[in-house]
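Read through the structure below, which is laid out as structure tokens, and then see the notes.
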Amino acid sequence: MGYVLLLLATLAWSFVGVLVKTASTMVDSSVISFARFFFGVLFLGIFLFIRDGKVDLRVGLKWIWIGAIGKALNYIFENIAIQIGYSYGNILVQPVQTVVLLLAAMLLFKEKIPMRGWIAAAFCLAGVIVVGWNGEPIGELMKSGGITTLLFTLAGIGAATHVLSQRMLLKTMDNGNMNLSVFVVSTLVVTAPIPFQFEGLAGPVTLSAIGALVLLGVITGLSFFWFAEAIKRVPFAAVAIVGNCTVLFAILWSYLFFEEPITIYLIGGSLLFVAGLLLLNLPLRRRIREPKQVPVQAK
């Protein structure tokens with residue numbers, strides 16, 4: 001069962017780009033951001049109520065708001081970038097998030113970063129640069145690819161801010177109610193600009209686009225539960241390896257669903273930052289018997 005939940009979470013995250021791209025045929029990025037949080041709150045709230053018989057909503061904490069703003073910015077920039085670029089582009093979010101978290105650990109929490117952490121960060125940065133470049137001439141890059149890479153970088157910074165808030169909030173809250181509280185505030189944050197941004201439907205109303213919006217909410221609300229349950233039952237090395245296969249699945253879906261071009265630069269850059277993520281997350285042999293730690297994951 002643990003491997004099933006791990007694979008379910010991994011596949012769910014890998015479909016985000018395809019689902020955002022599909023939803024963008026009907027509505028703009030602001031509505032997609034709202035739907036991801038709104039349906040996420042709905043499904044997560046129902047799940048917690050069935051599990052616990054109640055929900056513990058806390059919106060007055062500083063780190064709830066910091067995490068909510070970070071996650072909102074993560075979705076806003078990610079959705080815009082996917083809408084104007086390729087559906088696989090959000091594979092850049094996780095390596096950027098990893099580098100930002102390493103810097104935050106050093107600067108904010110005064111933690112000592114081991115050499116393999118900096119090597120992993122170098123691999124991640126190199127991979128992001130190669131994927132963002134994708135072999136394009138500099139002139140073209142500044143017009144298109146450079147903009148989407150910048151947007152995904154900002155999305156990664158927002159995602160890292162959310163993870164940092166989780167680190168602080170887990171001292172006093174359980175995972176489920178913490179995320180529900182953050183997502184409720186995030187919903188308010190992304191709702192505020194809709195009246196000023198919404199220009200009507202971007203295209204025809206279709207069942208596929210509506211289904212994509214709902215599924216994005218399911219992923220927002222429940223995927224972290226699948227992952228949290230998986231890491232309790234699956235060896236840590238398997239979690240690190242399978243969890244980072246999200247990148248490869250996302251590239252595959254982009255080709256199968258939208259026939260987006262898969263270049264040697266995309267493959268090479270992806271392998272670079274997957275190597276960095278694995279280097280950072282896989283435990284050293286001498287530490288295998290230590291308590292499990294959760295690899296950096298935030299969708």
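What you see below is based on every heavy atom in this structure, not just the backbone, and it leaves out hydrogens, waters and symmetry mates.
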Side-chain heavy atoms of I119 within contact of L279, under 4.5 Å: yes
Ion pair check, D174 and R51, cut-off under 4.0 Å: yes
pair E260-Y255: side-chain heavy atoms closer than 4.5 Å: no
Separation of T149 OG1 from L154 CG (nearest 0.5 Å): 11.0 Å
Pair Y88-S270, side-chain donor/acceptor within less than 3.5 Å: no
Expected output: side-chain T161 to main-chain I157 donor-acceptor under 3.5 Å: yes
Pairwise side-chain contact, N177 with L57, heavy-atom cut-off 4.5 Å (strictly under): no
pair T22-F258: side-chain heavy atoms closer than 4.5 Å: yes
Heavy-atom check, side chain of V182 versus side chain of Q166, under 4.5 Å: no
Exam field: side chain N179 to backbone N175, donor-acceptor pair closer than 3.5 Å: yes
Side chains of Q83 and D28, donor plus acceptor under 3.5 Å: no
Student check: side-chain heavy atoms of L5 and F227 closer than 4.5 Å: no
Expected output: side-chain K71 to main-chain F37 donor-acceptor under 3.5 Å: no
Side chain proximity check, L252 to L248, heavy atoms < 4.5 angstrom: no
Modelled atom types, side-chain donor and acceptor of S223 and W13, under 3.5 Å: yes
Linked, directly or transitively: I91 and I267 (ILVMFWY side chains, under 4.5 Å): yes
Exercise: identify the closest heavy-atom pair between A105 and I113: CB-CD1, 4.0 Å
Residues forming a side chain to side chain donor-acceptor pair (under 3.5 Å) with D56, sequence neighbours excluded: none
Minimum-distance pair of heavy atoms, taken over all atoms of F152 and E78: CE2-O, 3.9 Å
Minimal non-hydrogen separation, V18 against S87, with atom names: N-CB, 4.0 Å
W65 side chain vs V59 backbone, donor-acceptor pair below 3.5 Å: yes
F183 six-ring centre to R36 NZ/CZ under 6.0 Å and within 45° of normal: no
Centroid-centroid under 6.0 Å between F273 and F123 rings: no
Closest heavy-atom pair and its distance - V128, P95: CG2-CG, 3.7 Å
